[in-house]
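Before any comments, here is the structure.
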Amino acid sequence: LKVTEMVPDPQIMWVAVGDANSDRAPLQISQFESDRRIDSELEKIWMEGAGGPFGEESYELVAYALARKTDLDCLKRGKKGYLFFTADEAPYAEVNVGLIKSYIGDTPQSNLSTVEVFKEVQERFHTYLIFPRANIDGHRGDSPTILAKWKRYIPASHILAVEDQAAVVEVMLGIMALREHKFDLDEFIANMKERQCSRERCSDVRKALELFARSGVPGQAEADLFG
C-alpha cells in the first residue's frame, strides 16, 4: 500500500477464520498496525487448516466482531475502512449466540441474522469478497452455490473471483485505487505492468475488477442492496 500510495497512512489488521462449530482457533484478530509490527501480528496467526465440512465457515462471526468491536479513526473523518474477505466457503445464515459469548464475550439474547450483521459491518467498512476459484490444493469446489450465498450479504459487484490466489493482493489494490479515484481500470492495469506484473496476472486482475469498475458511482451498489 505504501509503495503504490493507493491509500495514505494505512492501518492494517489481520483476521483468520475457520469454523467455530468444529475448529480449535476459529477466530483470530490482530491489532491495527501501520508499520512493520503488522508482520509480528501476522506471525501470531495459527493457520489451523481445518474448516467447515459442509460449505460454511464462521465469516458471520468476523463480521459481528468488526462491526461492534473496532474503533476506526477514519470514521471520524467521514470515511469507511476496507474489509476484504478471502474465502472458498460461505457464512452461516445466523450468528450463533453461544459462539458470540464464547469467542467475543458479548451476550445477546438470541441468534442474530447474518444479513443484519453484514448490514452493520458495511456501515463501517467497504466490504468485499475475493474468491479464489481454485483453493490452495487446486480443488475448484462448488463455486456458484457458495457465491450465491455470499450475494445475500454483500453486493454482487463486491464479489470478485480470481483464478490464481496470488492475484488477491493486486485485486485489493485495484479496488482501493478505483474507489479512491487514483486510477481507472485501464490505468491500474498499466500501473501493474510498470511494476513488472506478468501478462497472466494482469489479465486475471482485469477480469476480476471489471464488474466492480462497471458498477458506477462508488457506494451505489450498497445503496441498491440495503437502501
Side-chain angles (χ1 to χ4, degrees), residues 11-32 41 44-72 74-75 80-132 135 141-161 168 172 175 219 221-227:
Q11 303 277 324
I12 299 172
M13 166 193 283
W14 303 114
V15 179
V17 60
D19 190 337
N21 295 287
S22 57
D23 289 347
R24 289 181 287 171
L27 183 63
Q28 302 173 70
I29 302 176
S30 78
Q31 298 292 328
F32 282 107
E41 291 290 320
K44 297 173 186 177
I45 298 287
W46 177 41
M47 301 303 289
E48 187 171 356
F54 303 115
E56 295 170 317
E57 291 180 334
S58 300
Y59 304 102
E60 74 289 342
L61 204 58
V62 174
Y64 177 93
L66 298 187
R68 301 196 181 187
K69 299 296 181 179
T70 53
D71 182 11
L72 301 181
C74 61
L75 293 177
K80 295 181 182 181
Y82 285 88
L83 170 57
F84 296 103
F85 287 93
T86 58
D88 59 2
E89 299 197 40
Y92 286 94
E94 291 188 321
V95 193
N96 182 276
V97 62
L99 297 177
I100 294 173
K101 181 177 181 180
S102 295
Y103 292 105
I104 298 173
D106 289 355
T107 55
Q109 296 299 307
S110 60
N111 292 351
L112 304 175
S113 161
T114 294
V115 169
E116 295 303 316
V117 169
F118 267 86
K119 285 183 183 179
E120 284 188 42
V121 81
Q122 288 175 94
E123 293 173 359
R124 301 169 64 82
F125 295 89
H126 301 299
T127 303
Y128 302 88
L129 168 68
I130 304 177
F131 187 92
N135 65 20
D142 191 9
S143 300
T145 299
I146 292 169
L147 289 174
K149 291 180 179 179
W150 273 100
K151 289 175 184 176
R152 302 171 188 169
Y153 310 123
I154 61 178
S157 64
H158 287 207
I159 298 174
L160 302 94
V168 166
M172 292 179 183
I175 289 168
E222 292 102 318
D224 291 344
L225 186 60
F226 299 123

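Remark: L75 pairs with L72, R124 by the side chain to side chain contact (heavy atoms under 4.5 Å, CB included) rule, at least two apart or across chains. Taking the salt bridge (Lys or Arg N to Asp or Glu O under 4.0 Å) definition, one finds that K101 meets it with nothing, sequence neighbours left out. Applying the side chain to side chain contact (heavy atoms under 4.5 Å, CB included) criterion to S113, with sequence neighbours excluded, gives V115, E116. The side-chain hydrogen bond (donor to acceptor under 3.5 Å, both in side chains) check on E123 picks up nothing, with sequence neighbours excluded. E94 meets the salt bridge (Lys or Arg N to Asp or Glu O under 4.0 Å) test with no other residue; sequence neighbours excluded.
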List, one per line, each side-chain donor-acceptor pair under 3.5 Å for residues 103-110, sequence neighbours excluded.
unit_1, atom_1, unit_2, atom_2, d
D106, OD1, K69, NZ, 2.8
D106, OD2, Y64, OH, 2.6
D106, OD2, K69, NZ, 3.4

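Put simply, the residue from Y82, Y153, Y128 that forms a ring-ring contact (aromatic ring centres under 6.0 Å, His included) with H158 is Y128.
Side chains of I100 and L112 form a contact here, defined as non-hydrogen atoms less than 4.5 Å apart. Here the side chains of L129 and L147 are in contact, with some heavy-atom distance below 4.5 Å. Between V95 and L61 there is a side-chain heavy-atom pair separated by less than 4.5 Å.
A distance of 5.5 Å separates CZ of F84 from CD1 of I130, quoted to the nearest 0.5 Å. Residue Q28 holds its CD atom at 9.5 Å from CG of D23, rounded to the nearest 0.5 Å. To the nearest 0.5 Å, atom OH of residue Y92 and atom CG of residue D19 are 3.5 Å apart. Interatomic distance, CG of N21 versus OG of S58, reported as 5.5 Å (0.5 Å rounding). Here E56 contributes atom CD and T114 contributes atom OG1; the two are 9.0 Å apart, rounded to the nearest 0.5 Å. Here the CD-NZ distance, from Q122 to K80, works out to 7.0 Å after rounding to the nearest 0.5 Å.
Classified by interplanar angle (parallel below 30°, tilted 30° to 60°, perpendicular above 60°), the ring pair F85/W150 is tilted.
Of all heavy-atom pairs between P91 and Y59, the closest is N-CD1, 3.8 Å. Taking each heavy atom of A67 and E120 in turn, the nearest pair found is CB-CB, 3.9 Å. Counting all heavy atoms, side chain and backbone alike, A87 lies closest to P132 at O-CD, 3.5 Å.
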Subject >> Stepwise side-chain contact (heavy atoms from CB on, under 4.5 Å) check, E57 with V62 >> reply: CA-CA 10 Å; E57 291 180 334; V62 174; over 6 Å; no
**OP:** Please lay out, stage by stage, how I175 and H126 fare under the test side-chain contact (heavy atoms from CB on, under 4.5 Å).
**Re:** CA-CA 10 Å; I175 289 168; H126 301 299; over 6 Å; no
**OP:** Would you please test L99 and L27 for side-chain contact (heavy atoms from CB on, under 4.5 Å) and show each step?
**Re:** CA-CA 10 Å; L99 297 177; L27 183 63; over 6 Å; no
Subject >> Worked check of side-chain contact (heavy atoms from CB on, under 4.5 Å) between D88 and I146 >> reply: CA-CA 8 Å; D88 59 2; I146 292 169; 5.8 Å; no
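Between the side chain of S157 and the main chain of P155, no donor-acceptor pair closer than 3.5 Å is present.
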